[in-house]
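Both backbone and side-chain heavy atoms feed into the values below; hydrogens, waters and symmetry mates do not.
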Amino acid sequence: MTSCSDSDKQSDDGAEKPKKNQKKRSKGEKHVSFPPDEQIVSGFAEHRNTDRMVDSCLTLTEVTAAYRQSCSRHQVQPRARILQQLQQGVCVGGSVKCLDLKGERLDQRSCEALEVVLKSLHFDFINLQAAQLEENGASSLLDMILYYESTTHLDISDNSSMGTSCWRALAHLIKQSARLSRLDVCNVPVVDYPAQSLSKALLTSRLTALHLHNAQLSGMPLYTLVGALKSNKALRELHLTDNLLNSYQDALQLGELLRYNTTLQTLELSNNAVADAGLEELCDGLRRQTAGLKVLLLRNNQITASGMVHLAKALPVLKVLQVLDLGENLLGNEGIQVIREPLMVNGSVLQLGLAQADVTCEGAVALAEFLAESRHIRHLDLRRNEVKVGGLMALCLALRINRSLAGLDLDHTPPQEQDEFLTETRARLQAEVARRCLTNANRSHLAAGDP
């Protein structure tokens, strides 16, 4: 198969380019051919745009019949799961919500048989998670997705056998696609060539969301990725959970990213080891975020009350941060006390996550003081904390003043309160909290003009 990615490799390596209109075959003898003049694709002689105009008028029944014929030509059995989705799907103007191939084993011929489906329909989401993609088949499939602009969201997670040509095809897809906006590559090592290939593609991509959970990005791979993202002006969401990101080298790179990139709006770093020292590096970058980051997720990062000292310095100057999740960190009451006044000054945080943050009644009282002063906070998560009746009473009193909080997440099971009076009091206070949050929510909807 002559793929876009193959020519891309030659350009990168400085090798001689193929002559115009010359077709090539890989060692795997792939049967999908994209010549330079973009006139012929697997026997279809029409131009790509003409193809799309014609095929968008096809019914799902016609696409199903064409897929069966394609499978016959490629000598593979039609996948029952694909047939079922085509039969049960809803097609609107050639667009279908999802093509879910999660867990399907897609060898080379199975991938090539899919061309007629990708040619005929747009998908909001193509799920290739754990599809056991073989290298030749995977690169063919990615080239087809690019050629036909088949999807806006692609998930190729859990495909650990992707080789060099597959990563090259993926990089070309990222660089060239005008339609792909979200990419998930999770539970796949993004190191060495994959990290370099992905980073180079991100220099000019139109992706707005990138999910790289559990991708072994610590160290040099993260350095390479950040180098590209410093100048990226398209990406809005970067999700990096479970990458063993550390408190020194990795946090330093992420701080550098926040210093230079003002386009990124969501940074998810949950389930790493940023710790207090790493949070200091992040906060140094955060202070430069005057018109960028809106969502920062730091759940389960070994952060303590000492780290809150660094956050307290950044919060007063952060005027765009709206969502801050510090759950599953050992902040304790001391940590809440440290950030109480900076949160009051901040005025931009709308959602604050403190689930399982070692908060007791003392910390709840400090939060109640913040709530009483805040005119912006809309959601507070205090689940899995030891907030007993005393702390709940303080929160309830604060809500009699607060007019913005529309959601307060609390445990329904009383924490070690066996006394019947305390149990009844807790139930009454929780009911009042829920009622006042609902009143605030309704008030907010009316102010916004919502129906």
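Open room surrounds NZ on K97; 12 or fewer heavy atoms of other groups in view lie less than 6.0 Å from it. Residue R182 places its CZ atom among more than 12 non-hydrogen atoms of other residues, nucleotides or ligands, all under 6.0 Å distant. Counted within 6.0 Å of CD on Q87, heavy atoms from surrounding residues, nucleotides or ligands total more than 12; the atom is thus considered enclosed. By the neighbour-count criterion of 12 heavy atoms within 6.0 Å, atom CG of L244 is sparsely surrounded, having that number or fewer from other residues, nucleotides or ligands. With a 6.0 Å radius and a threshold of 12 heavy atoms from other residues, nucleotides or ligands, R236 has its CZ atom above the threshold. Residue K102 qualifies as open at atom NZ: its count of foreign heavy atoms under 6.0 Å is 12 or below. Environment of CD in E341: sparse, with no more than 12 heavy atoms of neighbouring residues, nucleotides or ligands closer than 6.0 Å. Counting heavy-atom neighbours within 6.0 Å of E334 CD, excluding the residue itself, gives a total of 12 or less.
At a threshold of 4.5 Å between non-hydrogen side-chain atoms, the residues I174 and L198 count as touching. Under the 4.5 Å side-chain criterion, counting only non-hydrogen atoms from C-beta, E256 is not in contact with E281. Counting heavy atoms from C-beta outward, I82 and T64 have side chains that stay 4.5 Å or more apart. Side chains of L258 and L282 form a contact here, defined as non-hydrogen atoms less than 4.5 Å apart. Looking only at side-chain heavy atoms (C-beta outward), I156 and M162 come within less than 4.5 Å of each other. With contacts defined as side-chain heavy-atom distances shorter than 4.5 Å, the pair T151/D124 does not qualify. In this structure, the side chains of L212 and L217 come closer than 4.5 Å at one or more pairs of heavy atoms. The side-chain heavy atoms of L141 and L128, taken from C-beta on, include a pair separated by under 4.5 Å.
Listed for the S157 side chain is a donor-acceptor partner under 3.5 Å among the backbone atoms of C186. Proximity of a side-chain donor or acceptor of S374 to a complementary backbone N or O of F370 within less than 3.5 Å is not detected. No side-chain donor-acceptor contact under 3.5 Å links Q216 to the backbone of N187. Of the possible polar contacts, one joining the N159 side chain to the L133 backbone as a donor-acceptor pair under 3.5 Å is found. Of the possible polar contacts, one joining the S150 side chain to the L118 backbone as a donor-acceptor pair under 3.5 Å is found. Side chain of D409 to main chain of L382: no donor-acceptor pair is present (N/O by atom type, distance under 3.5 Å, no hydrogens or angles). Distance alone, capped at 3.5 Å, places no donor-acceptor pair between the E268 side chain and the L238 backbone. At least one donor-acceptor pair closer than 3.5 Å links the side chain of N127 to the backbone N or O of Q129. A donor-acceptor distance shorter than 3.5 angstrom exists from the side chain of E62 to the backbone of T59, with no hydrogens or angles considered. A donor-acceptor contact shorter than 3.5 Å is absent between the side chain of D158 and the backbone of S160.
Nearest heavy atoms, S70 versus V116: CB-CG1, 3.8 Å. Between N385 and L354 the shortest heavy-atom distance is ND2-O, 2.9 Å. Listed here is the closest heavy atom pair of N329 and I303: OD1-N, 3.1 Å. Of all heavy-atom pairs between S95 and R179, the closest is OG-NH2, 4.5 Å. Heavy-atom minimum distance, V274 versus S247: O-CB, 2.8 Å. The heavy-atom pair separating A305 from L331 by the smallest distance is CB-O, 3.5 Å.
A donor and an acceptor atom, one from each side chain of T304 and D276, are located under 3.5 Å apart. Judged purely by distance below 3.5 Å, without hydrogens or angles, the side chains of H213 and T241 pair a donor atom with an acceptor atom. No side-chain N or O of N272 forms a donor-acceptor pair with one of N301 less than 3.5 Å apart. When only modelled atom types and interatomic distance are considered, E237 and T208 share no side-chain donor-acceptor pair under 3.5 Å. A donor-acceptor contact under 3.5 angstrom links the side chains of D250 and S218, judged on distance only. Under the 3.5 Å distance criterion, with hydrogens and angles disregarded, no donor-acceptor pair is assigned to the side chains of D184 and H239. R79 and S110 form a side-chain donor-acceptor contact under 3.5 Å, judged by distance and modelled atom types alone. Checking S181 against R206 by side-chain atom types alone, no donor-acceptor pair falls below 3.5 Å. Using a 3.5 Å distance cut-off with no hydrogens or angles, the side chains of Y223 and Q249 do not pair a donor with an acceptor.
Note that OG of S120 and OH of Y148 are 8.5 Å apart. Values are rounded to the nearest 0.5 Å. Put simply, CG on L106 and SG on C111 are 5.0 Å apart, with the number rounded to the nearest 0.5 Å. Here the OG1-CD distance, from T224 to Q253, works out to 9.0 Å after rounding to the nearest 0.5 Å. Note that the CG atom of L235 and the CG atom of L210 stand 6.0 Å from one another [nearest 0.5 Å]. Between D284 atom CG and K313 atom NZ the span is 9.0 Å, to the nearest 0.5 Å. Rounding to the nearest 0.5 angstrom, the gap separating the CG atom in D143 from the CG atom in L173 is 8.5 Å.
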* For the pair L293 and V295, evaluate side-chain contact (heavy atoms from CB on, under 4.5 Å) and give the outcome as yes or no after the intermediate values. => CA-CA 6 Å; L293 200 69; V295 179; over 6 Å; no
* Asked: Given the rule in the side-chain contact (heavy atoms from CB on, under 4.5 Å) test, do L229 and V226 qualify, once you have shown the distances and angles that lead to the verdict?
  -> CA-CA 5 Å; L229 291 180; V226 167; 5.6 Å; no
* Evaluate the criterion side-chain hydrogen bond (donor to acceptor under 3.5 Å, both in side chains) for residue pair H376 and N346; output intermediate values, then yes/no. => CA-CA 10 Å; H376 305 282; N346 168 264; over 6 Å; no
* To do: Begin from the C-alpha positions of L83 and Y67 and carry the test side-chain contact (heavy atoms from CB on, under 4.5 Å) through to its verdict.
  => CA-CA 8 Å; L83 293 174; Y67 172 62; 3.7 Å; yes
* Assess whether side-chain hydrogen bond (donor to acceptor under 3.5 Å, both in side chains) is satisfied between N333 and T360, documenting all intermediate values. => CA-CA 7 Å; N333 298 325; T360 66; 2.6 Å; yes
* **Residue pair R81, D100: steps toward the salt bridge (charged side-chain N to carboxylate O under 4.0 Å, His left out) verdict** => CA-CA 8 Å; R81 192 171 175 185; D100 188 359; 3.3 Å; yes
* **Pair L240-L254, side-chain contact (heavy atoms from CB on, under 4.5 Å): steps then yes or no** => CA-CA 11 Å; L240 300 176; L254 292 168; 4.2 Å; yes
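With respect to the salt-bridge test (charged N to carboxylate O, under 4.0 angstrom), the residues E134 and R105 qualify. The pair E112-R109 does not meet the salt-bridge criterion, since no charged nitrogen lies less than 4.0 angstrom from a carboxylate oxygen. The pair D325-R299 counts as a salt bridge, with a side-chain nitrogen and a carboxylate oxygen less than 4.0 angstrom apart.
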